[in-house]
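Here the structure comes first, spelled out in structure tokens, and everything after it is commentary.
Here is the naming used below: chain letters follow the sequence lines, and residue numbers restart at 1 for every chain.
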Amino acid sequence: MGERRKPYPFDQIEPKWQALWDECCAFRAPNPGEGDFDPSKPKFYILDMFPYPSGAGLHVGHPEGYTATDIVSRYKRMCGFNVLHPMGWDAFGLPAEQYAIKTGQHPAVTTRENIAKFKTQLKRIGFSYDWNREISTADPEYFRWTQWIFLQIYNSWFNPSTQKAEPISTYRGTDPDSVRLAYVANVAVNWCPELGTVLANEEVIDGKSEVGGFPVVRRPMRQWMLRITAFAERLIAELDGLDWPEGIKLLQRNWIGRSEGAEVVFRVVPSSESETDADIAVFTTRADTLYGATYLILAPENPLVDQTTRPEKREAVTAYREEVAAKSDLERTDLAKEKTGLFIGAYAVNPVNSERIPIWIADYVVMGYGTGAIMAVPAHDERDFDFAQKFKLPIRRVVAAEVRSNDGANPAASTRPVVCTSGEGFAINSPLIDGLPTSAAQAKIIAWLEQNGHGRRDVRYKLRDWLFSRQRYWGEPFPIVWRDGKHEALPESKLPLTAPDLKDFKPTGTGEPPLAKAKDWLRYSEAAFRETNTMPQWAGSCWYYLRFCDPTNNDRFVGEEAERYWIGGESSGFRVRSSESSSPETRTLNPEPLSMPGGVDLYVGGTEHAVLHLLYARFWHKVLFDLGYLSKPEPFQRLVNQGMILGEDGRKMSKRWGNVIDPLDVIAEYGADAFRCYEMFMGPLEQMKPWSMKGVEGVSRFLARVWRLMMEESQAGHWLLSPEIEEIAPDKRELKVLHATVKKVTEDIEALSFNTAISQMMILVNAFTNAPVKPLSAMRTLLVLLNPFAPHLTSELWQKLQLKFGESEGAITDQSWPAYDEKLLVEDEVEIVIQVNGKLRDRIVVPLTASESEVEAAALANPKVHELTIGKTIRKVVVVPKKLVNIVAS
RNA sequence: GCCAGGGUGGCGAAAUUGGCAGACGCGCCAGACUUAGGAUCUGGUGGAGCAAUCCUUAGGGGUUCGAGUCCCCUCCCUGGUACCA
């Protein structure tokens with residue numbers, strides 16, 4: 001393959017402008033209080049999900065979202081906003097640590113190298129980040145504040161009466177450690193022997209680690225937990241005010257898994273002698289089926305099993321519990337089809353009918369949800385039904401599809417296979433609630449339980465507390481020391497607490513973190529030792545969007561003034577303006593002042609973070625908000641997920657298929673502007689779509705046409721400004737397409753429909769391509785519109801126009817976004833479609849001012865209409881102004 | 001299983017409140033300019049048919065003067081999730 005002639009000299013233009021932008025910090029966003037800060041401008045905060053700087057470098061998926069946000073950023077700047085558009089690095093993480101284990105190279109070195117590589121690549125795409133705000137989560141000046149926030153969490157509790165996080169000093173109880181938002185618990189954790197660490201539930205997929213796919217087993221260990229469950233209610237409720245895709249909100253709601261129901265207390269029947277009374281509380285969402293409860297099941301791990309098991313069953317129960325404990329999570333779910341369990345010899349009393357029912361244990365009941373015990377209603381629960389079938393337990397129907405009388409005065413439970421129906425209906429065989437529909441029956445039963453002291457209304461969540469410690473080296477150390485078996489916070493003055501330099505990063509294998517190997521570091525004082533766990537990778541990304549507001553502040557995690565402006569600022573939001581509302585006064589007005597709970601105006605990233613990162617960040621944000629550090633209750637107002645880019649073969653890009661596209665290769669051949677525009681032209685941002693090199697070529701041809709619209713090549717092969725550009729007014733047709741383009745591009749950027757914005761600009765360029773004379777004003781408008789998409793090309797052409805026409809309007813990036821005139825878009829004649837019986841038959845052109853009756857008359861006079869309606873009666877004529885006439889005949 | 005999002009030419013895709021289906025681009029065909037074309041420009045391009053005309057938005061039904069768009073059923077694809085009581 002020989003040296004290919006470039007369609008336009010992007011290889012000279014692009015590095016030139018990139019160097020220029022770098023030199024003069026063209027996209028620096030000044031903070032309140034700085035000399036060049038303009039307080040009259042509204043703020044706009046546009047954030048990308050920052051990358052983990054892996055050794056592989058950038059792939060085409062990264063720049064998709066980044067290009068989208070860059071376009072919006074450049075556009076918003078021209079609309080007169082102070083735009084905060086930063087980039088940084090999620091720099092702690094397992095790959096660097098594993099590389100260190102293999103090679104001995106310190107993760108800090110690897111990370112530094114990878115960051116440098118990523119940064120060079122991002123700059124080569126021409127993104128308008130404010131690089132002065134660059135941050136890395138692994139930088140001590142950053143994680144010092146991550147540790148500081150942890151201490152805020154540690155020193156807080158959730159006050160149920162205010163539903164807020166408050167300083168621990170407001171807690172009046174005797175044991176503050178029992179209510180802290182960060183606490184230590186000995187919990188059964190997901191231990192991954194291969195990785196030598198525990199993992200959060202969210203990091204375990206099908207019983208294997210999300211990273212590496214290694215087996216994970218349950219094992220009790222002492223761990224740091226964050227009390228995210230206290231915020232469950234607010235994390236659900238406060239989604240409402242956010243402009244997120246409904247699907248993502250739903251994903252979060254499901255993850256939190258709020259269930260309304262009742263706790264019902266069953267009394268255990270005392271057997272003999274010294275038996276103390278015991279109660280078993282179960283959680284149910286179907287209190288209305290209480291009469292159908294024919295047995296109870298305890299989770300094998302439930303401590304109540306010890307007290308309740310009858311002596312004669314003890315041996316069998318112990319064996320079963322051991323069997324269950326030996327199973328990994330994978331096995332336990334894999335063997336889901338065949339249920340196992342064991343009668344423990346004891347009985348409990350159903351409070352509603354005083355019936356004695358047997359108590360079983362079974363591993364399909366888990367300890368981590370509800371009370372670790374259930375009432376089994378086999379007639380109306382699929383799982384209980386399977387279990388009852390297998391162990392020949394009684395089944396009693398208590399819900400019918402329609403209102404009807406009971407099965408009999410004394411409803412006998414049956415073991416014959418009846419059909420299991422889990423839907424709602426009407427209560428039967430349930431004296432207190434017979435005939436009532438499910439919801440009313442539930443309400444009545446719960447009221448009865450409450451009155452008689454047998455239970456109460458209850459709300460449970462699937463969400464568990466966040467397991468926050470990891471047995472790793474490359475993460476934030478906890479600012480905690482242990483003294484006499486008790487934890488205490490390190491004073492703030494000791495932050496940042498950096499990890500010791502290790503030579504050997506290998507996991508100890510015992511569950512002891514690598515930091516335990518640093519004996520000197522470990523010893524805090526004579527009597528106190530440091531915590532050796534580190535924080536999970538999520539920690540740094542929980543608050544990075546806050547640090548971007550004030551990244552070099554040495555006194556505070558973010559300065560108050562900066563926070564109030566960038567996070568608390570109210571004058572944000574997406575609005576489309578036309579010429580009528582384009583004055584600066586109206587532009588800064590916010591139509592819905594307090595309706596936006598989120599601080600970041602636009603947040604773009606992949607769906608893979610739909611629950612974890614976004615939930616954790618919301619949680620931290622709410623704690624800091626409650627403690628008075630932040631002005632708004634939510635971090636991200638508008639969230640958009642970009643779709644994945646597939647390989648040319650339609651498969652997921654991977655080394656395995658050999659279909660990986662390297663952005664730098666594309667840029668070398670077609671230029672960064674073409675790369676950016678193609679990524680946006682491919683299709684809707686949120687959609688999954690395959691890459692196409694032919695498509696890149698097409699977009700590259702479009703940019704070359706823009707270039708040749710204003711430049712022509714001399715005999716000697718030099719590019720010179722086209723003499724066809726003149727300072728004349730565009731004609732009517734040109735003006736119309738120009739204003740139509742301004743309108744469409746403006747609206748499409750606001751809607752993030754970049755593909756259709758580019759289409760419209762192609763139409764504009766095509767309209768001017770053959771014009772003998774190109775009006776200067778139109779060319780300038782085109783360049784401004786295209787600038788957010790193709791910043792290098794448009795900057796160069798703008799400069800060339802400036803040189804010749806000499807008007808001192810400044811650089812293209814200083815221009816204000818053009819307004820359009822709606823009046824110019826209106827035709828004075830309009831084409832009307834004529835349909836007969838809904839089928840297109842002809843078109844006519846009528847003046848815009850034509851009345852409905854005139855249009856109708858014109859349509860009926862149409863020869864084609866005559867032809868088709870001969871011998872038929874015209875039943876109806878539908879006239880849609882400016883659109884069509886439909887003649888109904890039969 | 002369940003939940004969510006999708007199915008429109010040979011391909012990527014457009015299509016305010018229901019109102020000309022296929023904008024724009026790719027590919028393909030033809031022409032122009034050229035020593036040349038893998039450059040550029042011009043025209044054509046959903047399918048069938050010589051034509052008039054007919055058919056066409058996964059498939060089937062419905063509402064409507066009129067449906068890619070609204071309602072019901074079925075099929076297929078993608079993502080998430082799975083004993084959560």
Side-chain angles (χ1 to χ4, degrees), chain A residues 1-2 4-5 7 205-206 245-251 253-255 257-259 261 282-286 289 297 299 332-333 335-337 339 362-366 368-377 380-384 386-387 422 460-464 607-608 610-611 641 643-644 646 650 678 681-684 686-699 701-702 704-705 708 713 747 753 755-763 766 769-770 831-843 875-890:
Chain A
M1 191 162 72
R4 192 146 162 217
R5 197 176 155 278
I205 292 166
D206 291 335
E246 275 312 311
I248 300 297
K249 288 191 187 182
L250 194 71
L251 228 49
R253 286 197 190 98
N254 290 345
W255 189 266
R258 184 180 196 277
S259 291
V282 303
F283 175 71
T284 178
T285 53
R286 291 295 299 271
T289 62
I297 300 184
R332 203 160 153 173
T333 47
L335 302 169
K337 292 233 161 74
K339 290 200 168 25
D363 71 351
Y364 82 92
V365 174
V366 295
Y369 182 75
T371 60
I374 63 160
M375 62 178 211
V377 185
H380 305 289
D381 182 287
E382 206 77 48
R383 299 151 299 178
D384 298 342
D386 290 348
F387 194 79
S422 52
R460 295 279 173 162
Y461 303 90
K462 215 157 72 175
L463 184 71
R464 319 284 172 84
T607 339
E608 65 272 22
V611 274
N641 293 118
M644 206 192 330
L646 306 171
Y678 175 66
F681 189 65
M682 289 173 81
E686 302 189 60
Q687 189 174 301
M688 186 188 288
K689 45 213 175 274
W691 186 267
S692 156
M693 270 309 176
K694 284 289 184 188
V696 184
E697 262 177 62
V699 171
R701 275 203 281 270
F702 160 65
R705 274 210 306 284
R708 287 194 313 271
E713 202 169 13
E747 290 174 352
S753 294
N755 53 333
T756 50
I758 293 171
S759 302
Q760 182 63 39
M761 288 188 279
M762 287 173 169
I763 292 170
N766 291 346
T769 293
N770 290 313
E831 194 181 66
I832 300 272
V833 168
I834 298 185
Q835 297 180 340
V836 177
N837 290 332
K839 284 193 175 148
L840 174 71
R841 294 302 173 183
D842 206 358
R843 302 147 202 266
R875 303 214 173 273
K876 192 172 175 184
V877 179
V878 181
V879 180
V880 180
K882 293 186 225 172
K883 288 242 156 73
L884 60 76
V885 178
N886 188 14
I887 294 155
V888 187
S890 65

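A:Arg286 places a side-chain N or O within 3.5 Å of a backbone atom of A:Ser422 that can act as its donor or acceptor partner. Of the possible polar contacts, none joining the A:Asp842 side chain to the A:Ile834 backbone as a donor-acceptor pair under 3.5 Å is found.
A:Ile758 has its CD1 atom 15 Å from the C1' atom of B:C26, to the nearest Å. Following rounding to the nearest Å, A:Met761 (CE) and B:G25 (P) show an atom-to-atom distance of 13 Å. Atom CH2 of A:Trp691 is separated from atom C1' of B:C11 by 16 Å (rounded to the nearest Å). Regarding A:Asp386, its CG atom lies at a distance of 10 Å from the C1' atom of B:C83, rounded to whole Å. A:Glu686 has its CD atom 15 Å from the C1' atom of B:U78, to the nearest Å. Atom CD1 of A:Ile834 is separated from atom P of B:G66 by 18 Å (rounded to the nearest Å). Atom pair A:Lys339:NZ and B:A82:C1' shows a separation of 12 Å (rounding to whole Å applied). The CG-C1' distance, from A:Asn254 to B:U81, rounds to 9 Å in whole Å.
Contacts of A:Ile763 classified as side chain to side chain contact (heavy atoms under 4.5 Å, CB included), with partners at least two apart in sequence or in another chain: A:Val737, A:Gln760. Qualifying side chain to side chain donor-acceptor pair (under 3.5 Å) partners for A:Thr756, counting only residues two or more places apart in sequence or in other chains: A:Asp748. The side chain to side chain donor-acceptor pair (under 3.5 Å) test applied to A:Arg253 returns A:Asp240, not counting sequence neighbours. Under the side chain to side chain donor-acceptor pair (under 3.5 Å) criterion, A:Arg843 pairs with no residue, sequence neighbours left out. Listed by chain and residue number, nothing satisfies the salt bridge (Lys or Arg N to Asp or Glu O under 4.0 Å) test with A:Lys694 (two or more places apart in sequence, or in another chain). Listed by chain and number, the residues in a side chain to side chain contact (heavy atoms under 4.5 Å, CB included) with A:Glu608 amount to none (sequence neighbours excluded). Contacts of A:Arg460 classified as salt bridge (Lys or Arg N to Asp or Glu O under 4.0 Å), with partners at least two apart in sequence or in another chain: A:Glu263, A:Asp458. By the ring pair (Phe, Tyr, Trp, His ring centres under 6.0 Å) test, A:Tyr369 is found to be paired with no residue, residues two or more places apart in sequence or in another chain being considered. For A:Val696, the side chain to side chain contact (heavy atoms under 4.5 Å, CB included) partners at least two apart in sequence or on another chain are A:Val666, A:Tyr670, A:Tyr678, A:Trp691, A:Met693.
B:G10 and B:G5: their C1' atoms are spaced 26 Å apart (whole Å). Nucleotides B:A23 and B:G59 place their C1' atoms 28 Å apart, quoted to the nearest Å. On the P atoms, B:G7 is 33 Å away from B:U40, given to the nearest whole Å. Taking atom C1' in both B:C26 and B:U45, one finds a spacing of 13 Å when rounded to whole Å. Here the separation of B:A4 from B:C54, taken at their P atoms, is 42 Å to the nearest Å. B:G19 sits 16 Å from B:U57 when the P atoms are compared, rounded to a whole Å. Of the P atoms belonging to B:G80 and B:G66, the separation is 43 Å, rounded to the nearest Å. For the C1' atom pair drawn from B:U56 and B:G49, the interatomic distance equals 15 Å after rounding to whole Å.
With hydrogens and angles ignored, no donor-acceptor pair under 3.5 angstrom links the side chain of A:Lys694 to the base of B:C11.
Shown here, B:G61 is classed anti by the O4'-C1'-N9-C4 or O4'-C1'-N1-C2 angle, which is more than 90° from 0.
Using a 4.0 Å heavy-atom cutoff across all strands shown, A:Gly698 reaches sugar-phosphate atoms only and no base atom. A:Arg841 comes within contact range of the sugar-phosphate backbone alone, with a heavy-atom separation under 4.0 Å but no base atom that close.
Projected onto RNA chain B by closest heavy-atom contact, A:Ser692 and A:Thr607 fall at different nucleotides, the more 5' of which corresponds to A:Ser692. Heavy-atom nearest nucleotides on RNA chain B were determined for A:Ser259 and for A:Leu251, and the one closer to the 5' end corresponds to A:Leu251.
Consecutive pairing runs in RNA chain B reach the stem threshold at B:1-7 with B:75-81, B:10-12 with B:24-26, B:27-32 with B:40-45, B:46-48 with B:53-55, B:58-62 with B:70-74, where a stem means at least three Watson-Crick or G-U wobble pairs with distances under 3.5 Å.
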After noting the C-alpha distance and the side-chain angles of A:Thr289 and A:Asp381, does the key distance pass the side chain to side chain contact (heavy atoms under 4.5 Å, CB included) rule? CA-CA 10 Å; A:Thr289 62; A:Asp381 182 287; over 6 Å; no
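In this structure, CD1 on A:Ile887 lies 9.5 Å from CG on A:Asn837, to the nearest 0.5 angstrom.
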With the sugar-phosphate defined as primed atoms, P, OP1 and OP2, and the base as all remaining atoms, what B/S/- string results for nucleotides 12-20 of chain B, 5' to 3', for protein heavy atoms under 4.0 Å? BSS--B-BB
So which protein N/O to nucleotides 40-42 of chain B N/O distances come out below 3.5 Å?
residue	atom	partner	partner atom	Å
B:U40	O3'	A:Arg708	NH2	2.9
B:C41	OP1	A:Arg708	NH2	3.2
B:U42	OP1	A:Asn770	ND2	2.4

